[in-house]
Amino acid sequence: MLHLERVSTFYGKIQALHEVSLYLAKGEIVSLIGANGAGKSTLLMTLCGTPQAASGSIRYEGEELVGQPTYRIMRKGIAVVPEGRRVFARLSIEENLALGGFFASKQGQQQQLDHILRLFPRLAERFSQRAGTMSGGEQQMLAIGRALMSRPRLLLLDEPSLGLAPLVIGEIFKTLAKLREEGVTIFLVEQNANQALRLADRAYVLENGRIVMQGEGRALLQDPKVQETYLGA
Ligand code: ATP
């Protein structure tokens with residue numbers, strides 16, 4: 001579904017990504033793990049077209065994305081849940097979700113809203129509450145729900161577990177597994193290697209802007225180098 005080939009990205013003269021190649025098959029959860037500053041967010045944002053890849057190719061459903069503006073990329077069935085959630089704090093849950101479904105038809109919006117409220121019953125309970133008054137976990141659920149309003153085929157998530165308690169992370173990751181069953185392809189960028197590798201069908205390790213390891217999620221969990229560097233073993 002998504003193929004990156006030798007993608008390099010720069011901030012001015014600083015090279016943040018070095019010839020990154022990876023792929024996602026339809027219906028997979030693929031995790032990208034790496035330490036602070038490895039370039040995980042840069043990779044995710046390069047997929048979205050900001051910043052643009054300086055070289056290499058990003059093919060999505062057979063189409064080249066490099067060179068296309070972000071607004072166009074985001075209308076191709078791709079949705080992103082940004083780092084730090086970025087919900088609209090002063091708007092209600094209902095309003096935040098409505099913004100995510102901005103481009104959908106009225107009927108499509110209602111169906112998808114019902115579906116999201118079944119996935120995250122907590123959002124239904126607090127439908128008219130202001131997003132800024134919710135817990136971190138609830139805000140993360142809202143950020144995911146908002147992204148799902150556009151009915152993406154490919155969902156990109158930037159560190160959804162950041163700052164959340166293990167129980168809440170478990171709940172959110174279970175929902176990601178459910179979305180996979182529905183056929184949504186998921187690219188999960190995470191510092192929380194343990195949970196991200198458990199959930200993933202396959203995973204990649206990014207170090208200093210380079211892919212240094214790849215494999216099945218569970219196999220990487222058992223790898224001594226991964227254990228030492230990312231699992232604190
Ligand atoms: P974190 O988990 O801390 O967000 P990350 O793996 O997502 O880390 P990036 O945020 O992608 O890493 O950063 C990769 C490198 O690019 C870092 O050296 C960072 O300082 C640099 N970088 C990121 N954004 C910019 C920017 N807007 N301008 C210049 N350099 C940047």
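This chain uses plain numbering: 1 for the first residue, then up along the sequence. In each ligand, atom 1 is the first atom listed, and ligand 1 is the first ligand listed. Since the model is a prediction, treat every value here as computed from it, not as a measurement.
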Would you check if there is a donor-acceptor pair between the side chains of [Y] and [X] at a distance under 3.5 Å?
X: Glu63; Y: Gln68; value: yes
X: Thr9; Y: Thr42; value: no
X: Ser57; Y: Glu64; value: yes

With ring pair (Phe, Tyr, Trp, His ring centres under 6.0 Å) as the rule and sequence neighbours excluded, what pairs involving residues 16-36 come up? His3-Tyr23
Between atom CG of Asn96 and atom CE of Met149, what is the distance when rounded to the nearest 0.5 Å? 11.0 Å
Identify which one of Arg153, Lys26, Lys76 satisfies the side chain to side chain donor-acceptor pair (under 3.5 Å) criterion when paired with Glu61. Arg153
By chain and number, the residues contacting ligand 1 below 4.0 angstrom (heavy atoms only) are Tyr11, Ala16, Ala35, Asn36, Gly37, Ala38, Gly39, Lys40, Ser41, Thr42, Glu83, Glu159, Gln191
